[in-house]
K.L.:
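Let me give you the structure first, and then I'll get to my questions.
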Amino acid sequence: MRKSGVRSGPRLELGEGRSLRLLTALEVLEARREAAELWQEEREKPLCSNACLLARAMEKKGGPLYPNGQAVLQALRVEEIDRLAQQWSAFNQRENPSILMGEQEVNARKKAWSIRPMSALNGVCSEPLGRFPRRNESKN
């Protein structure tokens with residue numbers, strides 16, 4: 001069951017007193033779990049997932065606008081759910097640029113490693129370990 005406490009943080013104003021807010025990781029997980037209970041065919045999954053996400057993200061005057069994803073599905077058309085979900089996604093990426101930068105940085109590092117010249121002398125083992133005392137080879 002969802003808590004209806006007022007959350008602070010950035011909001012994307014939609015007009016008419018409505019807004020979208022960022023969600024916590026737990027809220028996203030809860031939305032996914034709720035969506036899994038709603039969809040029956042694979043092609044319904046994105047619509048149900050977006051509806052459940054919007055149920056948590058949409059607010060009116062600081063409180064939840066919809067009690068759950070099913071209420072969003074009943075109240076809004078598919079096109080409205082899609083548009084609002086896209087707005088929320090763009091808002092989330094603007095407020096959390098590391099979401100995209102992290103993936104881009106990983107890809108850049110992978111590319112750098114793949115084109116780096118390799119030789120037997122590269123790596124940790126190529127560093128001199130220091131001078132070793134000479135072995136006395138005349139042991140009996």
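Predicted model only: the values in this text are computed from it and were never measured.
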K.L.:
Can you tell me if Gln93 uses its side chain to pair, donor with acceptor, with the backbone of Ala90 under 3.5 Å?
P.N.:
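Checking the backbone N and O of Ala90 against the side chain of Gln93, no donor-acceptor pair under 3.5 Å is found.
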
K.L.:
Around atom CD of Glu13, are there more than 12 heavy atoms of other residues, nucleotides or ligands at under 6.0 Å?
P.N.:
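Count over threshold, so yes.
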
K.L.:
CG of Leu73 to CD of Glu44: how many Å apart, nearest 0.5 Å?
P.N.:
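Between atom CG of Leu73 and atom CD of Glu44 there are 9.5 Å.
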
K.L.:
Does Glu37 use its side chain to pair, donor to acceptor, with the backbone of Glu34 at less than 3.5 Å?
P.N.:
no

K.L.:
Which pair of non-hydrogen atoms, one from Ala51 and one from Ile81, has the smallest distance, and what is that distance?
P.N.:
N-CG2, 4.1 Å

K.L.:
Could you tell me the separation between the OG atom of Ser89 and the CG atom of Leu20, rounded to the nearest 0.5 Å?
P.N.:
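It comes to 11.0 Å.
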
K.L.:
Considering only heavy atoms from C-beta outward, does the side chain of Asn50 approach that of Leu84 to under 4.5 Å?
P.N.:
no

K.L.:
Quick check for you: to the nearest 0.5 Å, what is the distance between Leu12 atom CG and Glu59 atom CD?
P.N.:
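One gets 12.0 Å once the value is rounded to the nearest 0.5 Å.
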
K.L.:
Atom SG in Cys48, atom CD in Gln40: separation rounded to 0.5 Å?
P.N.:
8.5 Å

K.L.:
Say you draw a straight line from OG of Ser19 to CZ of Phe91; how long is it, rounded to the nearest 0.5 Å?
P.N.:
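Answer rounded to 0.5 Å: 8.5 Å.
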
K.L.:
With a 4.5 Å limit on heavy-atom distance, are the side chains of Cys52 and Leu38 in contact?
P.N.:
yes

K.L.:
Are Leu76 and Tyr66 close enough that some pair of their side-chain heavy atoms sits under 4.5 Å apart?
P.N.:
yes

K.L.:
Could you check if a side-chain atom of Arg18 sits within less than 4.5 angstrom of a side-chain atom of Met58, using non-hydrogen atoms only?
P.N.:
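Answer yes - side chains close enough.
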
K.L.:
Hey, does Gln87 have a side-chain heavy atom less than 4.5 Å from the side chain of Leu14?
P.N.:
yes

K.L.:
Looking at CG of Leu53 and CG of Leu23, how far apart are the two atoms once the value is rounded to the nearest 0.5 Å?
P.N.:
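Going from the CG atom of Leu53 to the CG atom of Leu23 covers 5.0 Å.
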
K.L.:
Nearest heavy-atom pair of Leu47 and Val78: which atoms, and what distance?
P.N.:
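So the two residues come closest at CD2-CG2, 4.1 Å.
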
K.L.:
For the salt bridge (Lys or Arg N to Asp or Glu O under 4.0 Å) test, which of Arg32, Arg21, Arg56 pairs with Glu27?
P.N.:
Arg21

K.L.:
Does Ser49 use its side chain to pair, donor to acceptor, with the backbone of Lys45 at less than 3.5 Å?
P.N.:
yes

